[in-house]
Amino acid sequence: MLLLAIETSCDETSVALLRDGCVLANTVSSQINIHQEYGGVVPELASREHLRNLMPVASQALRQAGVAPDKLDAVAATRGPGLPGALLVGLRASQGLAFALSKPFVGIHHHEAHLYSPWIGGEPLSLALDEFQPNLSLIVSGGHTMLVHVAAPLEHRVLGGTVDDAAGECFDKVAKLIGLPYPGGPELDRLAREGEGRAHNFPRPMMRDESHDFSFSGLKTSVRYFIRDNPGVLEDGQRLRDLCAGVQAAIVEVLVAKTIRAAKKLDAKCVTASGGVTCNSGLRAALNEACAAEGFALRLANPTLCTDNAAMVGMVAHLRLARSGEMTPLDAEIAPGWKLTEA
Ligand code: KG4
Ligand code: ZN
């Protein structure tokens, strides 16, 4: 089965081609340069950029895969959650393509796509379902932070999530406070590697809380107060690097502690992590260490598949079509507020 998948839920325009669940092409065009000037994603600009970029990105992916559109057997796109205008571009384009080709269409939940991305690997990239184990999964991105129990492929239950800012949002907001360009997460990570986290003791919100929820807005506020009271910190290279390391340590410690606690509670044997923040070097190292110490297997999404991409969307579409032939109507609407529990 030859499948084309589109992802346009936020600020990445991506098109992937998969043959029988193997990735032939996964083209991603990031809009970071456009939004950087505004310090965050501007929804209207995002939709316009998707409109501008989708056809060139699709053409490039088709060329790289060496396939013609009339050979497609199915089309998929992210249906939600995400920015309404951005979702509309990818959803309507894929529904139009499926209509023109008289082929099945599948609308995919964006978090479900992240959820199974740690199982994508090998050359060519494919879903390593023979290696699948029931797992406790951490999804950490710019928009979401959640813990999910995955009993079997496509059988998952959300345990908890953030009650305010997402982990990536906290990285980005703190980075903005210290004057780093958007999105600040990767740059803060880079500076933190040369800093000493123990120089600070920022709050670890809800870390000891028995619930599976997270909260990061208080941490951001305490960094704001720290900078207000210590303005010199921004001018001093080493103090700035220590500040970044201190913030990163606080975020990572909460994420890891709550993930490991949930994994123990649910008697999971395996932990997985996905989403943009899974690129963070501190988080990857800390999860490795904690899982080794506690005896959990660990699967981290490949860094190239942590941030938004259409390959992970296509993988879930392939799984759904192969398992049940499940299709989405061609007039299905976008679902900007779609909850993973309803997927
Ligand atoms: O999954 P993603 O591409 O988009 C959403 O669905 O939100 O994640 C983007 C987020 C941004 O907040 C970005 O700052 C964060 O992932 N991020 C990082 C790193 N790389 C990306 N945060 C911390 N450290 C990184 N290395
Ligand atoms: Zn995402």
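Keep in mind the model is a prediction, meaning the values are calculated, not measured. Ligands are counted one by one from 1 in listed order, and the atoms in each one are counted from 1 as well.
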(request) Identify whether the distance between the nearest side-chain nitrogen and carboxylate oxygen of Glu169 and Lys220 falls below 4.0 Å. (result) no
(message) Any carboxylate oxygen within less than 4.0 angstrom of a Lys/Arg side-chain nitrogen, looking at Glu333 and Arg92?
(response) yes
(message) Can you tell whether the side chains of Asp172 and Lys176 come within less than 4.0 Å, N to carboxylate O?
(response) no
(request) Quick one: look at Asp189 and ligand 1, take heavy-atom pairs under 4.0 Å, and tell me if it's side chain, backbone, both or neither. (result) side chain
(message) I need the minimum non-hydrogen distance between Ser94 and Ala76, along with the two atoms involved.
(response) CB-O, 4.0 Å
(request) Could you name all protein N, O or S atoms found under 2.8 Å from the Zn ion (ligand 2)? (result) His110 NE2, His114 NE2, Asp308 OD1
(message) Please list, in number order, the atoms of ligand 1 under 4.0 Å from a heavy atom of Gly168.
(response) 12 (O)
(request) Taking all heavy atoms of Leu101 and all of Pro69, pick out the closest pair and write down the distance. (result) CD1-O, 3.5 Å
(message) I'd like to know if the side chain of Asn230 reaches the main chain of Gly232, judged simply by a donor and an acceptor atom lying under 3.5 Å from each other, with no hydrogens or angles considered.
(response) no
(request) Mind telling me whether Phe132 and Trp119 have parallel, tilted or perpendicular rings, with 30° and 60° as the class edges? (result) tilted
(message) Applying a heavy-atom cut-off of 4.0 Å, say which part of Asp172 lies close to ligand 1: side chain, backbone, both or neither.
(response) side chain
(request) For Cys10 and ligand 1, answer yes if some heavy atom of the residue is under 4.0 Å from a ligand atom, otherwise no. (result) no
(request) Name the option, out of Leu283, Asn309, Asp308, Ile251, that contains the heavy atom nearest to atom 3 (O) of ligand 1. (result) Asp308
(message) Using a 4.0 Å cutoff against the non-hydrogen atoms of His110, which atoms of ligand 1 qualify?
(response) 6 (O)
(request) For ligand 1, note which part of Cys306 has a heavy atom under 4.0 Å away: side chain, backbone, both or neither. (result) backbone
(message) Which residue in the set Leu3, Val316, Asp73 passes side-chain contact (heavy atoms from CB on, under 4.5 Å) when paired with Leu321?
(response) Leu3
(message) Can you report which non-hydrogen protein atom sits closest to atom 8 (O) of ligand 1, along with the distance?
(response) Gly276 CA, 3.3 Å
(request) Note the single closest protein heavy atom to atom 22 (N) of ligand 1, along with its residue, its atom name and the distance in Å. (result) Gly185 CA, 3.5 Å
(request) Just let me know how His114 lines up against ligand 1, side chain, backbone, both or neither, with a heavy-atom cut-off below 4.0 Å. (result) side chain
(request) Enumerate the atoms of ligand 1 whose separation from the nearest heavy atom of Cys279 is less than 4.0 angstrom. (result) 20 (N), 26 (N)
(message) Do the side chains of Asp267 and Lys265 get close enough for a salt bridge, i.e. N-O under 4.0 angstrom?
(response) no
(request) Report the residue from Thr8, Ile334, Leu51 that forms a side-chain contact (heavy atoms from CB on, under 4.5 Å) with Leu88. (result) Ile334
(request) Determine the interplanar angle of the His144 and His111 rings, folded into 0 to 90°, and report it as parallel if under 30°, tilted if 30 to 60°, perpendicular if over 60°. (result) perpendicular
(message) Parallel, tilted or perpendicular: which one describes the rings of Phe202 and Phe226, with boundaries at 30° and 60°?
(response) perpendicular
(message) I need the atoms of ligand 1 closer than 4.0 Å to a non-hydrogen atom of Gly143, numbered in the order shown.
(response) 7 (O)
(request) Look only at the side chain of Asp11 and the backbone of Val41, and say whether a donor-acceptor pair between them is shorter than 3.5 Å. (result) no
(message) Which residue and atom name correspond to the protein heavy atom nearest atom 23 (C) of ligand 1, and how close is it?
(response) Asn280 ND2, 3.5 Å
(request) Show the numbers, then the answer: is there a side-chain contact (heavy atoms from CB on, under 4.5 Å) between Leu115 and His156? (result) CA-CA 9 Å; Leu115 195 58; His156 41 255; 3.5 Å; yes
(message) Just to check, does His144 reach to within less than 4.0 Å of ligand 1 when the distance is taken from its heavy atoms?
(response) no
(request) Return the residue, atom name and 0.1 Å-rounded distance of the protein heavy atom closest to atom 10 (C) of ligand 1. (result) Gly142 N, 3.4 Å
(request) Just jot down the ligand 1 atoms closer than 4.0 angstrom to any heavy atom of Pro183, in number order. (result) 14 (O)
(request) Give the numbers and elements of all ligand 1 atoms closer than 4.0 Å to a heavy atom of Thr307. (result) 3 (O)
